[in-house]
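Inspection log for the structure reproduced underneath, given as structure tokens.
Both backbone and side-chain heavy atoms feed into the values below; hydrogens, waters and symmetry mates do not.
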Amino acid sequence: MNARTQHELLDTPVHHLSNAHLNALEEETIFILREVAAAFERPTLLFSGGKDSLVLLKCAEKAFGVGRIPYPLLMIDTGHNFPEVTAFRDQRARELQAELIVRSVEDSMARGTVRLAHPGESRNVHQSVTLLEAIEEFRFDALIGGARRDEEKARAKERIFSHRDSFGQWNPKAQRPELWTLFNTRLAPGEHFRVFPISNWTELDVWQYIEREQIALPSLYYTHPRKVVERRGLLVPVTEITPPRDGEEVVVRDVRFRTVGDITCTCPVPSLAATAGDIVIETLAAEVSERGATRMDDKTSDASMEKRKKDGYF
């Protein structure tokens, strides 16, 4: 999308775009959040400080109230997260008076349970180990996350209440039916559920909800100038962790992040969108999913996400 096209899109009025369906999505999400609180003994809510987890947290605030969210927030930190996002995570947890638990991949590396093939390897996939260690440490029986079915093919296969075995693994052929919002929450010892209350939302729904509810986000989600290099069809941010390679030209582009994760595998997209309303318009014209447009770790193979989920990835 060139700069002229972006300017034309951002000049498009959005007041006529209906968001009435958001009421039904919000109601379903609140119902699921309350169902988890009622059905499980030791649930937790995965909270990264990203847009989807902030939407989920807004629904939890509506479901229970400030200072009354009945489960802790859990963050698995790779050590390579954007500092703007982790600072925002801490701020939001304080505002809601919520308990925040942070477990680090670097601690798993120190214990020897995570070993990198080389120092520059992305730690993103290794979050699975640290997550499973946190589940064992706190004996969590349900982990609530902000994954959506429209993000990626493997996530489209997953139920709202996704059963995991005693090894933390997901079997896509052993999913339980979910008819009329009736959820089978039975667990054997050592098993747990991953719960996805915004499974039925789309990226557009999320941004419409952010605009309607005036949800504050880390600044990375909006247009800003950033040094990048072009690599494999993506704009790779230039940082100490992701320096340019020999022969790559560093340029400054106006960009924003559609999703935020580990710096080593998360890329921005060209954008002039400065508000949630602007991003609603951009999202209407997007032809590639947010993960397809921004995540290097999903480009290793067509089944890369499914393999990681089977190994315990969220």
Side-chain angles (χ1 to χ4, degrees), residues 1-11 48-54 77-89 105 116-127 151-152 203-204 206-207 210 216-301 304-305 308:
M1 187 184 299
N2 59 41
R4 179 180 176 182
T5 304
Q6 287 192 49
H7 280 298
E8 291 172 348
L9 278 172
L10 298 184
D11 287 339
S48 65
K51 72 179 190 308
D52 296 312
S53 63
L54 284 162
D77 193 336
T78 65
H80 289 165
N81 296 92
F82 290 97
E84 300 95 326
V85 177
T86 53
F88 198 91
R89 171 203 70 193
V105 172
L116 302 183
H118 54 83
E121 181 188 3
S122 173
R123 301 175 183 179
N124 193 55
V125 68
H126 298 293
Q127 291 181 88
E151 291 181 87
E152 204 274 337
E203 183 184 11
L204 179 61
V206 166
W207 280 107
I210 289 169
L217 299 179
S219 58
L220 295 178
Y221 280 107
Y222 300 107
T223 186
H224 60 282
R226 181 175 289 269
K227 291 181 179 180
V228 297
V229 296
E230 294 191 22
R231 186 182 303 162
R232 297 173 60 192
L234 298 173
L235 297 180
V236 178
V238 175
T239 69
E240 292 182 2
I241 300 169
T242 53
R245 297 173 181 172
D246 292 342
E248 290 183 331
E249 180 185 4
V250 178
V251 296
V252 177
R253 300 281 296 273
D254 289 321
V255 299
R256 68 177 177 89
F257 286 84
R258 288 174 70 182
T259 182
V260 294
D262 189 284
I263 292 173
T264 61
C265 61
T266 307
C267 299
V269 296
S271 177
L272 299 171
T275 68
D278 292 343
I279 295 175
V280 167
I281 295 300
E282 277 195 359
T283 305
L284 282 168
E287 297 179 350
V288 182
S289 73
E290 62 195 278
R291 293 190 70 93
T294 66
R295 296 299 291 268
M296 287 184 282
D297 54 336
D298 288 344
K299 291 184 175 289
T300 56
S301 78
S304 56
M305 170 62 84
R308 279 179 284 151

- Message: Is there a side-chain contact (heavy atoms from CB on, under 4.5 Å) between His80 and Thr239? Walk through the geometry before answering.
- Response: CA-CA 11 Å; His80 289 165; Thr239 69; over 6 Å; no
Distance (rounded to the nearest 0.5 Å) between [X] [atom1] and [Y] [atom2]:
X	Y	atom1	atom2	value
Asp262	Ser48	CG	OG	12.0 Å
Ile279	Trp207	CD1	CH2	3.5 Å
Leu284	Glu203	CG	CD	10.5 Å
His126	Leu116	NE2	CG	5.0 Å
Glu230	Leu235	CD	CG	6.0 Å

- Can you say whether the rings of Phe257 and His224 are parallel (under 30°), tilted (30 to 60°) or perpendicular (over 60°)?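 Rings of Phe257 and His224: parallel, under 30°.
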Specify the closest pair of heavy atoms between [X] and [Y], including all atoms of both residues, with the distance to one decimal.
X	Y	value
Pro225	Val252	CB-CG1, 4.0 Å
Ala216	Leu54	O-CD1, 3.8 Å
Glu84	Ser219	CG-OG, 4.4 Å

[X] versus [Y]: any side-chain heavy-atom pair under 4.5 Å?
X	Y	result
Gln127	Val105	yes
Val229	Glu249	no
Leu217	Tyr222	yes

Indicate yes or no for a side-chain donor-acceptor contact from [X] to the backbone of [Y] under 3.5 Å, with no hydrogens or angles considered.
X	Y	answer
Thr242	Pro237	yes
Thr223	Ser271	yes
Lys51	Arg258	yes

- More than 12 non-hydrogen atoms from neighbouring residues, nucleotides or ligands closer than 6.0 Å to CD on Glu248, yes or no?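 Result for CD/Glu248: enclosed.
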- Trace of the side-chain contact (heavy atoms from CB on, under 4.5 Å) decision for Thr264 with Arg123: CA-CA 8 Å; Thr264 61; Arg123 301 175 183 179; over 6 Å; no
- Item | Any side-chain donor near an acceptor of the partner, Asn81 and Thr86, under 3.5 Å |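 No, Thr86 and Asn81 have no side-chain donor paired with an acceptor closer than 3.5 Å.
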- Message: Go through it in stages, so that I can follow the logic: the residues are Val251 and Lys227, the test is side-chain contact (heavy atoms from CB on, under 4.5 Å), and I'd like the CA-CA distance, side-chain angles, deciding distance and then a yes or no.
- Response: CA-CA 6 Å; Val251 296; Lys227 291 181 179 180; over 6 Å; no
- Task: Show the numbers, then the answer: is there a side-chain contact (heavy atoms from CB on, under 4.5 Å) between Tyr221 and Ile210?
- Result: CA-CA 12 Å; Tyr221 280 107; Ile210 289 169; over 6 Å; no
- Applying the side chain to side chain contact (heavy atoms under 4.5 Å, CB included) test to Val228, which of Cys267, Pro268, Pro270 qualifies?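 When Cys267, Pro268, Pro270 are each tested with Val228, the side chain to side chain contact (heavy atoms under 4.5 Å, CB included) holds only for Pro268.
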